[in-house]
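Values below: every heavy atom of this structure, side chains too, minus hydrogens, waters and symmetry copies.
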Amino acid sequence: MSIQDPMSMVQKKDFMSSYLEALSLVERLHRLLLDVIKDEFERVGALEINAVQALLLFNIGDNEVTAGELKSRGYYQGSNVSYNLKKLVDMGFMHHQRCEIDRRSVRVRLTEKGRNIRDVVSELFERHAEGLQSRGVVGPSGIDDITSSLKRVERYWTDQIRYIY
């Protein structure tokens, strides 16, 4: 049995503490993003759509997709995406059409009404990007570092799901 260096134990505890803080921050940022989107829609008077649905429209953009494609891209969980796609179709934000090849699959794309919502979210994000830079919150290299680190964590977590030790 080997004796571990006491410093490495301290470093492990420090890393674990930082990791838990980062996880908490990711959760809070996601919830805060939804609140920011909700507030923007209240400001512009678009009250019939919620923030999750608006973000879904933004992520679909000009593409024509299936619910499965959105799930495989990692944007949404199963029942959540299906429920919200149905609501968005019912409210007139999206068109839906059965696939010719696989009749069980439905492809969706934004209507003009949906593109208007997508544009509101896009403009909000553009204002945020400009504000982050102009106020010195984070610049191009900082945002690249954040994105790179988050992608590595995403890959690690994905590997943990696919290849359990």
Side-chain angles (χ1 to χ4, degrees), residues 7-81 83-85 87-88 93-94 108-165:
M7 189 58 184
S8 71
M9 295 290 280
V10 169
Q11 288 171 332
K12 284 181 183 179
K13 283 185 179 184
D14 287 346
F15 185 83
M16 178 63 172
S17 177
S18 294
Y19 177 62
L20 293 175
E21 183 179 3
L23 292 177
S24 179
L25 185 57
V26 167
E27 284 184 275
R28 287 195 320 267
L29 285 172
H30 178 68
R31 285 192 303 271
L32 190 56
L33 172 64
L34 295 177
D35 286 344
V36 166
I37 293 169
K38 177 180 150 290
D39 287 351
E40 180 70 3
F41 280 92
E42 288 175 359
R43 189 182 68 73
V44 300
L47 303 175
E48 65 182 317
I49 189 166
N50 68 40
V52 170
Q53 293 164 342
L55 202 50
L56 182 59
L57 293 173
F58 175 79
N59 286 322
I60 291 170
D62 291 325
N63 300 310
E64 185 174 291
V65 297
T66 65
E69 288 168 336
L70 288 169
K71 289 185 286 187
S72 69
R73 292 179 192 172
Y75 290 136
Y76 303 94
Q77 298 302 313
S79 61
N80 185 21
V81 72
Y83 169 82
N84 281 309
L85 288 176
K87 293 288 286 185
L88 290 166
F93 292 102
M94 303 184 83
V108 294
R109 70 185 189 303
L110 304 186
T111 62
E112 183 66 31
K113 189 176 175 182
R115 287 191 297 276
N116 290 338
I117 295 296
R118 180 218 40 216
D119 292 345
V120 170
V121 176
S122 182
E123 290 165 11
L124 173 67
F125 290 169
E126 285 176 30
R127 284 196 320 271
H128 287 177
E130 290 170 10
L132 287 167
Q133 277 194 290
S134 67
R135 293 184 182 161
V137 176
V138 67
S141 66
I143 202 74
D144 288 345
D145 290 345
I146 292 167
T147 302
S148 177
S149 294
L150 289 172
K151 283 180 179 179
R152 288 192 306 271
V153 171
E154 178 185 34
R155 264 192 310 273
Y156 177 79
W157 285 352
T158 300
D159 288 349
Q160 296 308 297
I161 293 166
R162 290 186 184 146
Y163 316 106
I164 300 176
Y165 303 54

- [ ] Run through Asn50, Val120, Leu47 and flag the one making a side-chain contact (heavy atoms from CB on, under 4.5 Å) with Phe41.
- [x] Val120
- [ ] Give, for atom CG of Leu56 and atom CG of Leu88, the distance between the pair rounded to the nearest 0.5 Å.
- [x] 5.5 Å
Open item on the list: How about NE2 on His128, more than 12 heavy atoms from neighbouring residues, nucleotides or ligands closer than 6.0 Å, or not?
Closed with: yes
TODO: Report the distance from atom CZ of Arg115 to atom CZ of Arg109, rounding to the nearest 0.5 Å.
DONE: 8.5 Å
TODO: Kindly check if the number of other-residue, nucleotide or ligand heavy atoms within 6.0 Å of CD (Glu21) is above 12?
DONE: no
Open item on the list: Assess the residue pair Lys151 and Thr147 against the criterion (side-chain contact (heavy atoms from CB on, under 4.5 Å)); give the C-alpha distance rounded to whole Å, side-chain angles, the decisive distance to 0.1 Å, and a yes or no.
Closed with: CA-CA 6 Å; Lys151 283 180 179 179; Thr147 302; 3.8 Å; yes
Task: Distance (rounded to the nearest 0.5 Å) between Leu33 CG and Leu55 CG - done: 6.0 Å
Open item on the list: Just verifying a value: how many Å separate Tyr83 OH and Gln53 CD, rounded to the nearest 0.5 Å?
Closed with: 7.0 Å
Open item on the list: Return the CD to CZ distance between Glu40 and Arg43, rounded to the nearest 0.5 Å.
Closed with: 4.0 Å
Task: Heavy-atom side-chain contact between Val36 and Phe125 under 4.5 Å - done: no
Task: Polar contact flag, side-chain donor to acceptor under 3.5 angstrom, Arg28-Ser24 - done: yes
Task: side-chain contact (heavy atoms from CB on, under 4.5 Å) between Leu110 and Asp62, intermediate numbers included - done: CA-CA 7 Å; Leu110 304 186; Asp62 291 325; 5.8 Å; no
Open item on the list: Please check if the number of heavy atoms outside Lys87 that lie under 6.0 Å from its NZ is greater than 12.
Closed with: no
Open item on the list: When you measure from the side chain of Ser17 to the backbone of Lys13, do you find a donor-acceptor pair of N or O atoms at a distance under 3.5 Å?
Closed with: no
Open item on the list: Taking Arg118's backbone N and O only, do any of them form a donor-acceptor pair with Ser122's side chain (distance below 3.5 Å, no angle check)?
Closed with: no
Open item on the list: Quick check: do Lys38 and Leu34 have side-chain heavy atoms less than 4.5 Å from each other?
Closed with: no
TODO: Go through the side-chain N and O atoms of Arg152 and Ser149 and say whether any donor and acceptor fall under 3.5 Å apart.
DONE: yes
TODO: Would you sort out whether Val138 and Ile146 count as a side-chain contact (heavy atoms from CB on, under 4.5 Å), showing the intermediate values?
DONE: CA-CA 10 Å; Val138 67; Ile146 292 167; 4.2 Å; yes
Task: Distance (rounded to the nearest 0.5 Å) between Ile117 CD1 and Ile60 CD1 - done: 13.0 Å
- [ ] Could you check if a side-chain atom of Leu57 sits within less than 4.5 angstrom of a side-chain atom of Val121, using non-hydrogen atoms only?
- [x] no
- [ ] Using a strict cut-off of less than 4.0 Å between a Lys/Arg side-chain nitrogen and an Asp/Glu carboxylate oxygen, indicate whether Arg127 and Glu123 qualify as a salt bridge.
- [x] no
